[in-house]
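The structure appears right after this line, and notes come after that.
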Amino acid sequence: MVATPDIPRASSAALLSSKPDKRPPNMGQIIRWLLLFIGGVLMIMPIAYMISTSLKWPHEVYNVNLIPEEPTIENYTYVLEDGRFYMWFVNSIIIATITTISNLLFDSLVGYTLCKFRFPGRTIIFIAILSTLMIPTEMLVIPWYLMSQSFGWLDSYWGIMFPGMMTAFGTFLMKQFFESVPDDFIEAARIDGLNELQIWWTVAMPLVKPALAALAIFVFLGNWTAFLWPLIVTNSVDMYTIPVGLSGFGDEADVAWELIMTGAAISTIPTLIVFLIFQRFIIRGVVMAGLKG
Amino acid sequence: MANLALHNLTKSYGNTEVLHGISLAVDDGEFVVFVGPSGCGKSTTLRMIAGLEETTSGIIEIGGREVNNLEPKERDIAMVFQNYAIYPHMSVKKNIAFGLRSSKMPKPDKEKRILDVAGILDMVDLLERKPSQLSGGQRQRVAIGRAMVRDPAVFLFDEPLSNLDAQLRTQMRLEIKKLHQRVGNTIIFVTHDQVEAMTMADRIVIMKDGHIQQVGTPEEVFHRPANTFVAGFIGAPSMNLLPGQLDAGGITLAGGRIVPHPLQAPASDVLLGVRPDDLHPDEANPILSGKVTVREPLGSETLIYVETPSGEVIAKADGRTPPQVGETVNLGAAMENLHVFDAQTQQALT
């Protein structure tokens, strides 16, 4: 008589165990879900109020009701018909896009160099770059302003963009990611006759696409929502970015919150689209950077 | 194809010298394997030949041309890495074609060359696949293909089989050997596996602590080891080394047993070497006796570990009727299979 092998029995057990768990949730799970729910509500409330306020008439703005009594899209019509908003939108797009491209190129170049080349002073340079992260923006705006003034960059795209063309955070992020690119790849390309710039572009960059995507989103969002520096460096309404422009809605007597919230709601759309497309890269990028760090 | 010569090559990191004057001549089309334990300097030597490490002193010549000051791409070499180094974001075809990126060859010729290489490596059907869709052996073939497509003067292999499982290693070993017979390029192959070295090499270079211990054919290094390190490193299980005193009557081992040996040398302390393959139970002319402590059946043969006055030795017994554990056995070996080493210098005297 042939003995029944153990394997089919083990497989059956595995199949049984793969059925959905129908046990009622325990107290720990309930508390976790409750905390997550509260966190979710806290996160969503400002957005909900932004949309709610954008659908309210001016007299209803200070009413805390989430659902407007008389919903209106008048604010959207007003903001979209106002030519200034388009101008600010285009300014923000130009600034955020160029700054993002610049960061992707320069942060990755510096990160790659610091990661893959051995040269005297490498560690000191890296520490110096990192140490700039500890200086608050509020302290930097005065030297930035003086620089802009002496170079004639006030009230220009270049003036708004130059402090963010390359960031210490981006350099750090890219350096950490390039650590995961095996040196063998680079040496193999060197033997195959590529120069260092070609190796960076052809071999190393495609291997850190998740990091590039994450960095692109961080930089784009950062520049899209930047307020303090664009406010300081711009004088003319034509050069405003969306956050600066929106803050000026209203008059000296009153702030038109319904228009500000409408503009904010509209300006959220591009970032929302970008985030929805690339969120998996952001999460992966943040997780990987954390692991590497 | 080209010959390769290393003249008194040294390498230092700071004040620490890790390669101490390596000299070697490799003939055109020869398959030379560098073998040795970790840290012996074999990979460093290979990387210096490739131009990935600077030489501290000495000269490297490829095809009669000094290449010390040339970039890796100018040395007419191709290298296969331990981790394959095939680019995960490129298809097999692009990976193979990568080796031709800097070539000025017309595009149709490049295409033909890629297909030729893919044909030789039996990879034509895999050209559009990504590396993640390939097995370990296939990935290694892609790496070899990328090296082959350039038709370099010298192929450098840096432990290319280390990441493969035992079965695949054996298969790839055979494939690389066949490939060499087919294309005939000069190959420098680095490994820490003495079986790979023995099975593939025309000549083996055995290294230890930054020194070449012996250069020779597999037969030479196995049957005529230059010193006790080579004797112990090549062959599995390792050669038994028994301390003794050499005099006119032969070699006196611990316990007083005298092993007759014709070696003419001044009386001195020596090590008598005998491979387990050559040491068998022998009642007629024993050189050692002792109790069997462990048996390792290998099928047709059985390895027996025998505790003797000279220490534990390993011998080979018949697989059908091996001695029992605890049994006392006499072990003998043919005179021509005995090796004698100077106990002080560890160098071979025979």
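Throughout, a chain's letter reflects where its sequence line sits, starting with A, and its residues are numbered from 1. Just so it is clear, the values below take in all heavy atoms, side chains as well, and ignore hydrogens, waters and symmetry mates.
For B:Leu156, no part lies near chain A; criterion is any non-hydrogen pair under 4.5 Å. Contacts between B:Ala143 and chain A at a heavy-atom distance below 4.5 Å are absent for every atom of the residue.
The number of heavy-atom neighbours closer than 6.0 Å to OH of A:Tyr157, taken from other residues, nucleotides and ligands shown, is above 12. Enclosure of atom CG in A:Leu35 by more than 12 non-hydrogen atoms of other residues, nucleotides or ligands within 6.0 angstrom is indicated. Heavy-atom neighbours of A:Phe119 CZ from other residues, nucleotides or ligands within 6.0 Å: above the threshold of 12. The environment of B:Lys177 atom NZ is dense: over 12 non-hydrogen atoms of other residues, nucleotides or ligands sit within 6.0 angstrom. For A:Ile124, the CD1 atom counts as loosely surrounded, since its 6.0 Å shell holds 12 or fewer non-hydrogen atoms of other residues, nucleotides or ligands. Shown here is A:Trp201, whose CH2 atom has no more than 12 heavy atoms of other residues, nucleotides or ligands within 6.0 Å.
Applying a 4.5 Å heavy-atom cutoff, the residues of residues 41-55 of chain B that approach chain A are B:Arg47, B:Ala50, B:Leu52.
Evaluation of the side-chain hydrogen bond (donor to acceptor under 3.5 Å, both in side chains) rule for B:Gln140 yields no partner, not counting sequence neighbours.
The shortest heavy-atom contact between A:Arg190 and B:Pro72 is O-CB, 4.2 Å. Annotation for A:Thr202 and B:His89: closest pair O-NE2, 3.1 Å, computed over non-hydrogen atoms.
Of the charged side-chain nitrogens involved, none lies within less than 4.0 Å of a carboxylate oxygen, so that A:Asp192 and B:Arg101 do not count as a salt-bridged pair.
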Exercise. Give the intermediate values and the outcome of side chain to side chain contact (heavy atoms under 4.5 Å, CB included) for residues B:Arg150 and A:Ile191.
Key: CA-CA 11 Å; B:Arg150 293 176 51 211; A:Ile191 289 174; 3.5 Å; yes
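Looking at B:Tyr87, its side chain never comes within 3.5 Å of a backbone N or O of A:Val203 through a donor-acceptor pair.
Distance CG/B:Asn83 to CZ/A:Phe185: 8.0 Å, rounded to 0.5 Å.
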